Amino acid sequence: MAGEDDAVKKSDELKRKGNGAMGRHEYRDAIEAYTEAIALNPHNHLLFSNRAQAYLSLAPLTEQHKPDENPAHFYRLSHFPQEASVKQK
């Protein structure tokens with residue numbers, strides 16, 4: 001039990017480190033911290049969502065993906081490219 005508690009505490013420290021890196025827009029450092037935290041505590045779902053947000057923050061927005069558009073549309077097109085030829089209303 002003590003080993004598990006230590007792993008959880010260390011993962012919490014790494015999560016705080018990742019959160020700080022996100023606040024400084026140091027996304028690669030955040031990804032690294034969250035990844036290390038996940039290795040120690042893979043049951044903490046927040047670590048996965050925080051790391052996903054860090055990865056998304058690395059990718060610049062393009063004209064094809066604007067913040068006001070539905071991201072599900074882009075998921076669908078990436079998995080079902082034949083739908084790209086269908087006109088959107």
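Here the structure is a predicted model, which means the values were calculated and not measured.
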Quiz item: Shortest non-hydrogen contact from Asn41 to Ser11?
Solution: CB-OG, 3.4 Å

Exercise. Working to the nearest 0.5 Å, report the span between CD of Gln53 and CG of Leu58.
Key: 10.5 Å

Quiz item: Which heavy-atom pair separates Phe48 from Pro42 by the least distance, and what is that distance?
Solution: CE1-O, 3.3 Å

Practice problem: Could you tell me whether the side chain of Tyr55 and the main chain of Tyr27 form a donor-acceptor pair under 3.5 Å? | Solution: no

Quiz prompt | Spacing of Asp12 atom CG and Lys9 atom NZ [to the nearest 0.5 Å] | solution = 10.0 Å

Practice problem: Measure the shortest side-chain to side-chain distance between Arg51 and Ile38 over non-hydrogen atoms and say whether it is less than 4.5 angstrom. | Solution: yes

Exercise. Please say which of Asn19, Asp29, Leu14 ends up in a side-chain contact (heavy atoms from CB on, under 4.5 Å) with Tyr34.
Key: Asn19

Quiz item: If you take all heavy atoms of Asn44 and Leu46, which pair is closest and at what distance?
Solution: OD1-N, 3.0 Å

Quiz item: What is the minimum heavy-atom distance between Ala37 and Lys15, and which atoms define it?
Solution: CB-N, 4.4 Å

Quiz item: Could you give the distance from CD (Glu4) to CG (Leu40), rounded to the nearest 0.5 Å?
Solution: 12.0 Å

Quiz item: Among all residues two or more places apart in sequence or in another chain, which pass the salt bridge (Lys or Arg N to Asp or Glu O under 4.0 Å) test with Glu13?
Solution: none

Practice problem: Kindly give the heavy-atom pair with the smallest separation between Ala30 and Gly18, and that separation in Å. | Solution: CB-O, 3.5 Å

